[in-house]
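Everything on this sheet refers to the single structure shown next.
Below, each value reflects all heavy atoms present in this structure, side chains not excepted, and no hydrogens, waters or symmetry copies. First listed ligand is number 1; within each ligand, the first listed atom is number 1. Fair warning: this is a prediction, and the values are worked out from it, not measured in the lab.
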Amino acid sequence: MKQRLNRILVTGGAGFLGSHLCDRLVEQGHDVICVDNFFTSQKHNITHLIGKPNFELIRHDITHPLWLEVDEVYNLACPASPVHYQYNPIKTTKVSVVGAINVLGLGKRCKAKVFQASTSEVYGDPDIHPQPESYRGNVNPIGVRACYDEGKRAAETLFFDYHRSNGVNIRVVRIFNTYGPRMHPYDGRVVSNFILQALRDEDITLYGDGSQTRSFCYVDDLIEGFIRMMNGPDDFIGPVNLGNPDEFTIKELAQIVIELTGAKSKLTYMPMPDDDPTQRQPDIALAKKRLDWQPTIKLRDGLVKTIEYFKSIDLNSFRQPTDHTAHKSSERG
Ligand code: NAD
Ligand code: UDP
């Protein structure tokens, strides 16, 4: 059966995940509108799409209302790395909350389906493991990560209230750590930091003793999950976990990156950031059952592709790091 072609808004469409999503939707023939204020991205990620007849770019901040006619909205606009979301924490909460109100209002007016990129951070520092969707989380509401965690939790509340009160057709996914080409080289996330450090034979910065864990999903797997969720049945609105359940300590990740790059880097230990979750692994039983989805790309294979990407880019064309422990260690001279 021929797929229906839609007019689709992607907020945060120039970011790491947003640009991969725009690629997929443009390739499928949809009419794609990418909205971004370039807070944590640059045109770099979407340059190849500019000029295509079914791609449109609008510079706009989603904390202000936007008036468009669309069939679907993927709401991804929000700084995602701790370095970026803690840079202006009040703005971070505003993007999640006011941004959600704006896209949901648009969805209500246009009768559009609205997708929310939520996060494993709604579980905070989890005391059950792995984390199923039914777990209500352990978030410190006044800590340094709260602007993001609580902002995303409030956004989920808004999505479900617009659904219950106004009949908006919603989809909510909780994304676990995802990596791949087009991550911003200076956003301080662990995968980009370690690869850049390794490619320069610099010390690899482990926060704490490196025993905290994360489960890393390659971007292509995640985008497949997004599309399946958006196009799935209307009685399955989420929230659903999307992530790769293969769990690694941060120290193991550092060792794999050193091995794959052949770097001469040593490990160096730095203070643990406040409220850094000690363990994280998605329970993806629900996604398997309802979306027939599970990741297919192993960490080492995904890292090889990501390393190739970081080797290929001209770092001088990216905005320079801001003042942060993660950045200090990767700043040149
Ligand atoms: P990213 O920083 O690369 O992308 C976010 C994009 O949103 C950027 O292009 C940024 O400029 C844009 N943006 C920020 N504030 C905006 C605003 N006010 N108006 C318009 N655009 C704005 O991060 P990402 O990894 O691509 O994350 C995308 C979404 O997925 C985010 O909502 C994030 O919270 C969520 N998420 C990502 C991960 C992950 O591991 N990558 C994990 C959990 C959740
Ligand atoms: N981390 C680290 N060194 C770095 C960057 C991050 O040890 O240079 C750790 C960080 O403390 C956390 C994990 O790696 O435990 C993942 O950090 P990231 O910022 O990528 O994402 P998070 O899952 O914490 O949002």
Legend entry - Heavy-atom pair of closest approach, residues A117 and K152: O-NZ, 2.7 Å
Legend entry - Proximal ligand 1 atoms for D61, defined as those under 4.0 Å from one of its heavy atoms: 17 (C), 18 (N), 19 (N)
Inset, instruction - Go through ligand 2 atom by atom and flag the ones less than 4.0 Å from a non-hydrogen atom of L206. - result: 7 (O)
Inset, instruction - Decide whether an N or O pair under 3.5 Å exists between N75 and ligand 1. - result: no
Legend entry - Contact check: T63 vs ligand 1, nitrogen or oxygen atoms, below 3.5 angstrom: no
Inset, instruction - Answer yes or no: is there an ion pair linking R145 with E121, defined by an N-O contact shorter than 4.0 Å? - result: yes
Legend entry - Mode of Y179 contact toward ligand 1 - side chain, backbone, both, neither (heavy atoms, under 4.0 Å): neither
Inset, instruction - Could you tell me whether ligand 2 has any atom less than 4.0 Å away from a heavy atom of R145? - result: yes
Inset, instruction - Nearest 0.5 Å please: distance from the CG atom of D36 over to the CZ atom of R59. - result: 8.5 Å
Inset, instruction - Decide whether an N or O pair under 3.5 Å exists between K91 and ligand 1. - result: no
Legend entry - For G188, atoms of ligand 2 separated by under 4.0 Å from a heavy atom: 5 (C)
Inset, instruction - Among all protein heavy atoms, pick the one closest to atom 19 (N) of ligand 1 and tell me residue, atom and distance. - result: I62 N, 3.0 Å
Inset, instruction - Output the list of atoms in ligand 1 that are nearer than 4.0 Å to some heavy atom of G15, sorted by atom number. - result: 3 (O), 4 (O), 8 (C), 9 (O)
Inset, instruction - Could you tell me whether the side chain of D275 reaches within less than 4.5 Å of the side chain of D125, counting heavy atoms only? - result: no
Legend entry - R109, CZ: over 12 other non-hydrogen atoms inside 6.0 angstrom: yes
Legend entry - Per atom 14 (C) of ligand 1, closest listed option by heavy atom (G12, S41, C78, C217): C78
Inset, instruction - Please determine if D71 and R4 form a salt bridge, counting it only when a charged side-chain N lies under 4.0 Å from a carboxylate O. - result: yes
Inset, instruction - Report, in ascending order of atom number, the atoms of ligand 2 lying under 4.0 Å from any heavy atom of R189. - result: 19 (O), 20 (O)
Inset, instruction - Drop me the distance from L260's CG to L299's CG, to the nearest 0.5 angstrom. - result: 8.0 Å
Legend entry - ligand 2 versus T205: contacting region, heavy-atom distance under 4.0 Å: both
Inset, instruction - Identify which of V173, T40, N177, V219 has a heavy atom lying nearest to atom 2 (O) of ligand 1. - result: T40
Inset, instruction - Describe, in one word, how the ring planes of F176 and Y123 are oriented to each other, choosing from parallel (under 30°), tilted (30 to 60°) and perpendicular (over 60°). - result: tilted
Inset, instruction - Determine, using heavy atoms of Y85 and all atoms of ligand 1, whether some pair is separated by less than 4.0 Å. - result: no
Inset, instruction - Would you mind finding which of T249, T278, D276 brings a heavy atom closest to atom 10 (C) of ligand 2? - result: D276
Inset, instruction - Salt-bridge test for D246 and K298: reply yes if a basic N is under 4.0 Å from a carboxylate O, no otherwise. - result: yes
Inset, instruction - State the atoms of ligand 1, each with its element, that fall below the 4.0 Å cut-off from a heavy-atom position in R189. - result: 23 (O), 24 (P), 25 (O), 39 (C), 40 (O), 41 (N)
Inset, instruction - Would you mind listing which atoms of ligand 1 come within a distance below 4.0 Å of any non-hydrogen atom of F39? - result: 11 (O)
Inset, instruction - Show which atoms of ligand 2 fall inside a sub-4.0 Å distance from at least one heavy-atom site of N193. - result: 4 (C), 5 (C), 8 (O)
Legend entry - Basic-acidic side-chain contact under 4.0 Å: E72, R7: no
Inset, instruction - Pull out every atom of ligand 1 sitting under 4.0 Å from any heavy atom of I175, numbered as shown with elements. - result: 30 (O), 35 (C), 36 (N), 38 (C), 42 (C), 43 (C), 44 (C)
Inset, instruction - Taking only Lys NZ, Arg NE, NH1 and NH2, and the carboxylate oxygens of Asp or Glu, determine whether D235 and R290 approach each other closer than 4.0 Å. - result: yes
Inset, instruction - Give the contacting part of R280 toward ligand 2: side chain, backbone, both or neither, where contact means a heavy-atom distance below 4.0 Å. - result: side chain
Legend entry - Pick from Q212, K251, R214: the one approaching atom 9 (C) of ligand 2 most closely through a non-hydrogen atom: Q212
Inset, instruction - Report the relative orientation of the aromatic rings in H84 and H184; use parallel for angles under 30°, tilted for 30 to 60°, perpendicular for over 60°. - result: perpendicular
Legend entry - Ionic contact status for D283 with K288, cut-off 4.0 Å: no
Inset, instruction - Could you tell me which atoms of ligand 2, counted from 1 in the order shown, lie closer than 4.0 angstrom to a heavy atom of P82? - result: 19 (O), 25 (O)
Inset, instruction - For atom 16 (C) of ligand 1, grab the closest protein heavy atom and report residue, atom and distance to one decimal in Å. - result: N37 OD1, 3.2 Å
Legend entry - N-O pairing of R24 and E27 below 4.0 Å: no
Legend entry - Nearest-option assignment for atom 27 (O) of ligand 1, heavy atoms, candidates P79, G180, A80: A80
Inset, instruction - Say whether S81 and ligand 2 are in contact under the criterion: heavy-atom distance to a ligand atom below 4.0 Å. - result: no
Inset, instruction - Can you pull out the closest protein heavy atom to atom 30 (O) of ligand 1? Residue, atom name and distance to 0.1 Å, please. - result: L17 CD1, 3.5 Å
Inset, instruction - Please say whether F16 places an N or O atom under 3.5 Å from an N or O atom belonging to ligand 1. - result: yes
Legend entry - Salt-bridge criterion met for K52 and D31 (N-O under 4.0 Å): no
Legend entry - Element-labelled atoms of ligand 2 that are located less than 4.0 Å from some non-hydrogen atom of F194: 3 (N), 4 (C), 8 (O)
Inset, instruction - Check the pair D203 / K264 against salt bridge (charged side-chain N to carboxylate O under 4.0 Å, His left out), numbers first and verdict last. - result: CA-CA 9 Å; D203 287 350; K264 297 186 190 71; over 6 Å; no
Inset, instruction - Just go through Y85, Y207, Y148, F176 and tell me whose heavy atom is the nearest to atom 1 (N) of ligand 2. - result: Y207
Inset, instruction - Would you mind listing which atoms of ligand 1 come within a distance below 4.0 Å of any non-hydrogen atom of F38? - result: 11 (O)
Inset, instruction - Mind telling me whether Y74 and F115 have parallel, tilted or perpendicular rings, with 30° and 60° as the class edges? - result: tilted
Legend entry - H60 heavy atom under 4.0 Å from ligand 1: yes
Legend entry - Contact (N/O only, under 3.5 Å) between Y148 and ligand 1: yes
Legend entry - Per-atom contacts of ligand 2 with N177, taking only distances under 4.0 Å to non-hydrogen atoms: 21 (O), 22 (P), 23 (O)
Inset, instruction - Determine whether K108 and N166 make a side-chain contact, defined as any pair of heavy atoms from C-beta on separated by less than 4.5 Å. - result: yes
Legend entry - Side chain, backbone, both or neither: V190 near ligand 2, heavy atoms under 4.0 Å: both
Inset, instruction - Determine, for E156 against R153, whether the closest basic-nitrogen to carboxylate-oxygen distance falls under 4.0 angstrom. - result: no
Inset, instruction - Could you tell me whether V35 and ligand 1 have an N or O pair separated by under 3.5 Å? - result: no
Inset, instruction - Before accepting this row, confirm whether a basic side-chain N of the pair D276/R214 lies closer than 4.0 Å to the acidic partner's carboxylate O. - result: yes
Inset, instruction - Check ligand 1 against A14 and write out every atom of the ligand that is under 4.0 Å from a heavy-atom position of the residue. - result: 9 (O)
Inset, instruction - Of the side chain and backbone of S118, name the one, both, or neither that has a heavy atom under 4.0 Å from an atom of ligand 1. - result: backbone
Legend entry - Those atoms of ligand 1 less than 4.0 Å from some heavy atom in K152: 31 (C), 32 (O), 33 (C), 34 (O)
Inset, instruction - Heavy-atom distances under 4.0 Å are what count here, so tell me which part of V95 touches ligand 1: side chain, backbone, both or neither. - result: side chain
Inset, instruction - State if G208 counts as touching ligand 2 under the rule of any non-hydrogen atom under 4.0 Å. - result: no
Legend entry - Side-chain heavy-atom pair F194, L206 within 4.5 angstrom cut-off: yes
